[in-house]
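Worksheet: one structure, shown below.
Quick note: numbers below take in every heavy atom, side chains included, and nothing from hydrogens, waters or symmetry partners. Here the structure is a predicted model, which means the values were calculated and not measured.
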Amino acid sequence: MSAVIEGFCLLVAFLLELAVLGSAGYWGFTVSPDLAVRLLAGLGVPVLLAVVWGVFASRRAARPLRGTVRAAFEVAWFGAGVVLLAAAGAAIAAPVLALVYLANTALLHLWPHR
């Protein structure tokens with residue numbers, strides 16, 4: 001894979017990680033008519049997810065996951081983003097997130113590396 005394509009795919013992967021956090025916030029702010037619940041869910045769920053990502057999946061993770069466990073974690077992570085978008089009523093954004101994740105992951109893992 002050329003360095004430019006690989007760099008672009010890594011940028012897209014980072015933006016997808018942020019999209020999951022945004023999906024959680026969007027869902028949280030639509031989950032209830034009660035303002036307190038919306039604030040707690042809209043701010044708390046993304047923070048909780050960010051902590052989980054930081055502990056297990058970031059480059060400086062305290063307990064980094066590897067191999068199949070890492071792959072399962074990523075599928076669950078991005079799947080959660082898709083489910084949260086769908087639950088919030090974002091009928092177009094949810095499948096777009098899924099398709100971009102699948103295409104980007106395929107490029108990163110299936111394209112030959114140098």
Following the transitive rule for hydrophobic clusters with a side-chain heavy-atom cut-off under 4.5 Å over Ile, Leu, Val, Met, Phe, Trp and Tyr, establish whether [X] and [Y] coincide in one cluster.
| X | Y | result |
| --- | --- | --- |
| Val12 | Val75 | yes |
| Val37 | Val45 | yes |
| Phe14 | Val55 | yes |
| Leu15 | Ile5 | no |
| Leu99 | Leu97 | no |

Closest contact, heavy atoms only, [X] versus [Y]:
| X | Y | answer |
| --- | --- | --- |
| Pro46 | Ala41 | CD-O, 3.6 Å |
| Ala57 | Ala61 | N-CB, 4.0 Å |
| Arg63 | Phe56 | O-CD2, 3.4 Å |
| Leu108 | Glu6 | CD2-O, 4.5 Å |

Next on the checklist: Tell me if a side-chain donor or acceptor on Asn104 pairs with a main-chain N or O of Cys9 at a distance below 3.5 Å.
Outcome noted: yes
Checklist entry - So, Arg38 side chain and Pro33 main chain: donor-acceptor pair closer than 3.5 Å or not? => result yes
Quick one: side chains of residues 82-93, donor-acceptor pairs under 3.5 Å with protein atoms, not counting sequence neighbours, listed by atom name and distance.
none

Considering only distance and modelled atom types, tabulate donor-acceptor pairs under 3.5 Å from the side chains of residues 18-30, sequence neighbours left out.
unit_1: Ser23; atom_1: OG; unit_2: Ala19; atom_2: O; d: 2.7
unit_1: Thr30; atom_1: OG1; unit_2: Tyr26; atom_2: O; d: 3.3
unit_1: Thr30; atom_1: OG1; unit_2: Trp27; atom_2: O; d: 2.9

Next on the checklist: If you define the side chain from C-beta out and look only at heavy atoms, does anything of Tyr101 sit under 4.5 Å from Thr105?
Outcome noted: yes
Item to check | pair Phe78-Phe73: side-chain heavy atoms closer than 4.5 Å | outcome: no
Item to check | Separation of Leu102 CG from Leu107 CG (nearest 0.5 Å) | outcome: 11.5 Å
